[in-house]
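Small disclaimer: the values here were computed from a predicted structure and weren't measured.
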There are 2 protein chains.
Amino acid sequence: MKSERATLPDRELNDRLAASGLRFTAQRQQVLAVLLKRRDHPTAEEVFIRAKSQMPDISMATVYNCLDALTQCGLVRQVHMDRGAARYCPNMSDHSHFRCEGCGRVHDIDLASEALRPHLPRGFQVSHSEVSLHGLCADCARNSAARSSAK
Amino acid sequence: MKSERATLPDRELNDRLAASGLRFTAQRQQVLAVLLKRRDHPTAEEVFIRAKSQMPDISMATVYNCLDALTQCGLVRQVHMDRGAARYCPNMSDHSHFRCEGCGRVHDIDLASEALRPHLPRGFQVSHSEVSLHGLCADCARNSAARSSAK
DNA sequence: TTTGTATTTAGAATCATTCTAACTCTTGAC
DNA sequence: GTCAAGAGTTAGAATGATTCTAAATACAAA
């Protein structure tokens, strides 16, 4: 899980968009900035709220459009944890996600989906895979252990 | 991935339901029968259509209720592949799913989520995990290879 | 400039799912 | 057996996330 530069230069965004036949726009820049600032896997609605605080006229439809555009050009990934809203992640390395049932946070896990390939039946070709884990993160597990031994 | 008996006796269903404080009903029996008959991971709507052909008065709300009840008492699992409708699987062994982008079928894959545990950071406790794979199944991969070499 | 295309926007539409309230069926107490 | 209480079923309304639509706007190339 290598860390990426905190701020991706606009030039990079521009080039990536152009490579997919998409234009650089202030809204797309803003949405990407939101995702890079706090890498906490926000939902589209959370992205909307954060983006709106900087850019009050942005609309929900545009946030969805921008998230799509950024996903298309390979700067962002959609993450599906529960059955609820999709989340967005700017960490493009091959990794998995863990959602803590205690604090609700989604953690990046260094488990490459590439590692699953050997388990496939002969002849199957994987184009994409997703691993989602649920449980207690280290902090919450410690707290819950402490709580139950205290009573 | 051991195969289960094609028809689970009603007695078993009754016992499992009772163990969760639920009653045996004709609708729950019918919904389970649908899932056991064709183990093709149908959505709630597909279950509804199939159940309705045998039991014309059953409603969608009841199908959801029955699927919940069967999930609760451990006879059925929800499977989440795309962002769309949840699917239902009566294979309770620890396995994963592969959705073929060619034929749309969902295949059971003998990949225990238990196998992922060693990859977790120290202190994390997993209560549940799900692996979903996408690509081409052996049949579709073969067909697509044949098609592209023919042209 | 002009013109064509991409993008943004608000709101309507859609899809899967959950909720609600009325009705029905079971079960257990008498 | 009768009856009340609690489960379960039902249709339809409500919800939440997302996509679609149509009009307005902004760009980019000619």
Rounded to whole angstroms, how far apart are CG on Leu13(A) and C1' on dT7(C)?
14 Å
Write down the distance between CG (Asp82(A)) and P (dA17(D)), rounded to a whole number of angstrom.
12 Å
Of all the choices, dT17(C), dT19(D), dT10(D), which nucleotide is nearest to the side chain of Thr62(B) once you look at every atom?
dT10(D)
Rounded to the nearest Å, what distance is computed from the CZ atom of residue Arg83(B) to the C1' atom of nucleotide dC15(C)?
12 Å
Does Asn65(B) have a side-chain nitrogen or oxygen under 4.0 Å from the phosphate oxygens OP1 or OP2 of dG8(D)?
no
Give a yes/no on whether any side-chain N or O of Thr25(B) is located under 4.0 angstrom from OP1 or OP2 of dG8(D).
no
Leu17(B) CG to dA7(D) C1', in whole Å, measures 12 Å
Quick check: are there more than 12 heavy atoms from other residues, nucleotides or ligands sitting under 6.0 Å from CD of Glu45(B)?
no
In whole Å, I'd like the distance from the CE atom of Met55(A) to the P atom of dT9(C).
8 Å
For Ala86(A), answer base if it contacts any base atom (sugar-phosphate contacts may also be present), sugar-phosphate if it contacts only those atoms, and nothing otherwise; contact means non-hydrogen atoms under 4.0 Å.
sugar-phosphate
Closer than 4.0 Å, any side-chain N/O of Ser59(A) to the OP1 or OP2 of dT8(C)?
no
Nearest to the side chain of Arg23(A) - dA16(C), dT7(C), dT9(C)?
dT7(C)
Would you mind telling me which of dT19(D), dG11(C), dA11(D) lies closest to the side-chain atoms of Ala61(B)?
dA11(D)
Take the protein atom CG of Asp68(B) and the nucleotide atom C1' of dT17(C), then report the distance between them rounded to whole Å.
10 Å
The side chain of Ile58(A) lies closest to which of these nucleotides: dT9(C), dT10(D), dT17(C)?
dT9(C)
Check whether any side-chain N or O of Gln27(A) sits under 4.0 Å from OP1 or OP2 of dA26(D), and answer yes or no.
no
Tell me: NZ of Lys52(B) to C1' of dT9(D), nearest whole Å?
13 Å
Checking side-chain contact (heavy atoms from CB on, under 4.5 Å) between Leu32(B) and each of Leu13(B), Asp10(B), Val47(B), which is the one that passes?
Leu13(B)
Distance flag, aromatic centroids of His107(A) and His97(A), threshold under 6.0 Å
no
Atom CZ of Phe24(A) and atom C1' of dT8(C): how far apart are they, to the nearest Å?
16 Å
Kindly assign one of parallel, tilted or perpendicular to the pair Phe98(A) and Phe124(B), based on the angle between their ring planes and the thresholds 30° and 60°.
perpendicular
Verify the contact: side-chain N or O of Arg28(A) to OP1 or OP2 of dT8(C), cut-off strictly under 4.0 Å; return yes or no.
yes
N-O pairing of Asp82(A) and Arg99(A) below 4.0 Å
yes
